[in-house]
Amino acid sequence: MIGIVGGGIAGLAAAYRLQRAGYDVQLFEAGSDIGGLAATYETSGDRVEAFYHHLSKSEQTIVDLAEELGIGDRVEWHVGKNAYYVDGSVYPMDTPWEILSFPHWSVYDKFRLGMLTLDVDVRGGVPSFDTYERLEDFEHTPVKEFAVEHTTQNVYETFFESLLDAKFGSRKDDVSAAWLLGRIKFRGERDLLRGEVLGYIEGGFGVLLDALIEAVGKENITTDARVTDLAIEKEVQSLTVETEEETTTHEVEDVIVATMPNVLESLTGYPCEIDFQGSVCAVVEMDESLLDTYWLNVADDAPFGALIEHTNFIPSDRYGGEHLLYIASYIQDREEDLWQMSDEQVTEHWLSGIEELFPQFDRDVVTNVRVARNPRTAPVYERGYLDMVVPYDLGSEVGNGVYYAGMASQAQYPERSLNGGILAGYACADRIIEAEETDDEHVDPIEA
Ligand SMILES: Cc1cc2nc3c(=O)[nH]c(=O)nc-3n(C[C@H](O)[C@H](O)[C@H](O)COP(=O)(O)OP(=O)(O)OC[C@H]3O[C@@H](n4cnc5c(N)ncnc54)[C@H](O)[C@@H]3O)c2cc1C
């Protein structure tokens, strides 16, 4: 049997791939629900993710998986409108002329930013088209130095800095230019007249999770089952699972750890130096819409980094007519005030923040607020990150038959995503399948 630790998208994808190749798998999930960071809430219509989610047009593996699972027709693409709140005004940033009319930039600022987003390096006056090809070349460059050199000081100060503040807070100066460049390249298709095209699954990503659970088989998945130990003697022997009722040990041929790297360390001793940030994220249900945009970056002293009105991306009639607004903030340190607050205090803090930004906002339209939090939700993509990535196959580091598909793996660089989780799960499954095929080819001639 192949044991899989963790029932997020990565663990499920690994289980699915192996099972399709004829392997016997058992997946153990510590929580009571499957889905990890992609877990969902009920609404009066479709389910919605506790943490906002969408797809980028460049993410093909998740679309192919949906197709294989028979839900390809539920993958939908819509324009997700973007805007920027600065000095009391909201500036739409979807079309070239909206960007060109942003009052905080000179013509030269716009030219430099435009060239960077088109992958053209115009430093020194001679355009170069291959400078940005390899993200790795920018792994050790501080993001600020890069942004100032490849755009302008003003673009950094009036744009990138607040995005970095919202995303990485006190760690922003540690982030590598490779992350920023990856974000710029990662952005998918743009509709020149309307803005960026983003993907979703009709009914929510829970539909994909359900289809995966169905394909893997409920009998092969155990929830409320925390893996607490791996027995490894040169190769992995067994895993130990704790449930409320009992502790059991299961013999395994291989094991895939599809969790955050701190769990990998506690199970195998393999240390990972990558720092993770946490998230606090509320879904606010409202009788009325608040914004004209899907995604609002807030360059202000607001108590949150972004406001994301999900129902300006997916129609509110899917949720019984309720308008759903995500309010989100990243946490670098569990001592931060926001992390220490109760859900009620977070709600009060954030709704007052909205009242300050939008004086016309009437709290009476809010019908429900649900707050989700998780201490490890995204890596800090700091300089030298690639040296800290955990390999898929930990045979030489930990013991034969131990694989890693969690968020510290290569597929989740330069940004973590559902697609990356699937790629990581597949990468581990494929290595197990290949290792068995290689073993079969090397059958002892006497035995054969
Ligand atoms: C705020 C936010 C916004 C995001 N936005 C997007 C987006 O727009 N688009 C996108 O594609 N992605 C987005 N993501 C990222 C995406 O959710 C993740 O990349 C993906 O869900 C990670 O999946 P995973 O399986 O690697 O990890 P997880 O989802 O963390 O799953 C790991 C699982 O392992 C379980 N586990 C831990 N320890 C044990 C143990 N000892 N035994 C058994 N089980 C254990 C955990 O309970 C968990 O369920 C977002 C994430 C957040 C937090």
Side-chain angles (χ1 to χ4, degrees), residues 1-18 25-39 50-51 205 209 212-213 216 220-232 236 238-243 247-248 250 252 254-279 334 372-380 388-395 397-399 401-413 416-429 431-432:
M1 181 264 275
I2 317 281
I4 296 179
V5 188
I9 192 83
L12 281 172
Y16 168 71
R17 184 85 151 199
L18 284 167
V25 295
Q26 283 295 323
L27 181 149
F28 302 97
E29 164 55 46
S32 30
D33 292 314
I34 288 292
L37 295 174
F51 297 105
F205 288 99
L209 295 174
L212 273 170
I213 294 169
V216 171
N220 298 316
I221 297 176
T222 315
T223 51
D224 291 312
R226 181 176 296 278
V227 176
T228 53
D229 192 32
L230 293 183
I232 302 167
V236 65
S238 62
L239 55 74
T240 301
V241 182
E242 266 181 34
T243 62
T247 300
T248 48
H250 305 255
V252 288
D254 299 287
V255 68
I256 299 178
V257 180
T259 65
M260 292 296 160
N262 63 311
V263 178
L264 176 73
E265 181 166 5
S266 74
L267 293 175
T268 67
Y270 182 91
C272 170
E273 301 289 307
I274 296 171
D275 283 340
F276 278 79
Q277 42 181 3
S279 294
R334 290 191 216 177
R373 52 180 98 209
N374 188 306
R376 287 184 191 81
T377 54
V380 176
M388 300 188 277
V389 156
V390 180
Y392 296 122
D393 183 349
L394 288 165
E397 286 85 354
V398 172
V402 181
Y403 296 83
Y404 179 71
M407 206 181 264
S409 60
Q410 173 82 43
Q412 296 287 27
Y413 174 87
R416 48 92 167 105
S417 66
L418 295 169
N419 196 68
I422 296 166
L423 284 169
Y426 283 181
C428 291
R431 279 164 176 74
I432 290 175

message = Using side chain to side chain contact (heavy atoms under 4.5 Å, CB included), reason through S279 and N374 one step at a time and then give a plain yes or no.
response = CA-CA 6 Å; S279 294; N374 188 306; 5.6 Å; no
query = side chain to side chain contact (heavy atoms under 4.5 Å, CB included) between Q26 and H250: does it pass, once the steps are laid out?
reply = CA-CA 10 Å; Q26 283 295 323; H250 305 255; 5.9 Å; no
request  = Please test E29 against I221 for side chain to side chain contact (heavy atoms under 4.5 Å, CB included), starting from the C-alpha separation and ending with a verdict.
outcome  = CA-CA 8 Å; E29 164 55 46; I221 297 176; 5.6 Å; no
request  = Apply side chain to side chain contact (heavy atoms under 4.5 Å, CB included) to I432 and L18, showing your working.
outcome  = CA-CA 8 Å; I432 290 175; L18 284 167; 4.0 Å; yes
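I256 and A429 make their closest contact through CD1-N, 4.1 Å (heavy atoms, listed as atom of the first residue, atom of the second, distance). For the pair A405 and A424, the tightest heavy-atom approach, listed with the atom from each and the gap, is O-CB, 3.4 Å. Between P261 and C272, the shortest heavy-atom contact is CB-CB, 3.6 Å. The two residues L394 and Y404 have their closest heavy-atom pair at CD1-CB, 3.8 Å. Closest approach of I9 to L209, counting heavy atoms only: CD1-CD2, 4.1 Å. Listed here is the closest heavy atom pair of T223 and G31: CB-O, 3.5 Å.
Counting heavy atoms from C-beta on, the side chains of F28 and T222 come closer than 4.5 Å. Residues L37 and M260 form a side-chain contact, since some pair of their non-hydrogen atoms from C-beta on lies under 4.5 Å apart. In this structure, the side chains of T243 and D224 stay at 4.5 Å or more apart for every pair of heavy atoms. The closest side-chain heavy-atom distance from I34 to L27 is below 4.5 Å.
Other residues, nucleotides and ligands place no more than 12 heavy atoms under 6.0 Å from the CD atom of E273.
Judged by distance alone, the side chain of Q412 and the main-chain N or O of S417 form a donor-acceptor pair under 3.5 Å. Between the side chain of Y403 and the backbone N or O of P391 there is no donor-acceptor pair closer than 3.5 Å. One N or O on the side chain of T377 and one on the backbone of Q277 form a donor-acceptor pair closer than 3.5 Å. No donor-acceptor distance shorter than 3.5 angstrom exists from the side chain of Y413 to the backbone of R416, with no hydrogens or angles considered.
With rounding to the nearest 0.5 Å, the separation of OG in S409 from CG in L264 is 10.5 Å. Atom-to-atom distance recorded for L267:CG and T240:OG1 is 9.5 Å, nearest 0.5 angstrom.
Between L239 and the choices V255, I232, D229, the side chain to side chain contact (heavy atoms under 4.5 Å, CB included) rule is met once, by V255. Only one option out of V25, V236, L230, I4 pairs with V252 in a side chain to side chain contact (heavy atoms under 4.5 Å, CB included); it is V236.
Not counting sequence neighbours, R431 has no partner by the side-chain hydrogen bond (donor to acceptor under 3.5 Å, both in side chains) test.
Figure legend: R17 and Y426 shown as a cation-pi pair, the cationic atom lying under 6.0 angstrom from the six-membered ring centre and within 45 degrees of its axis.
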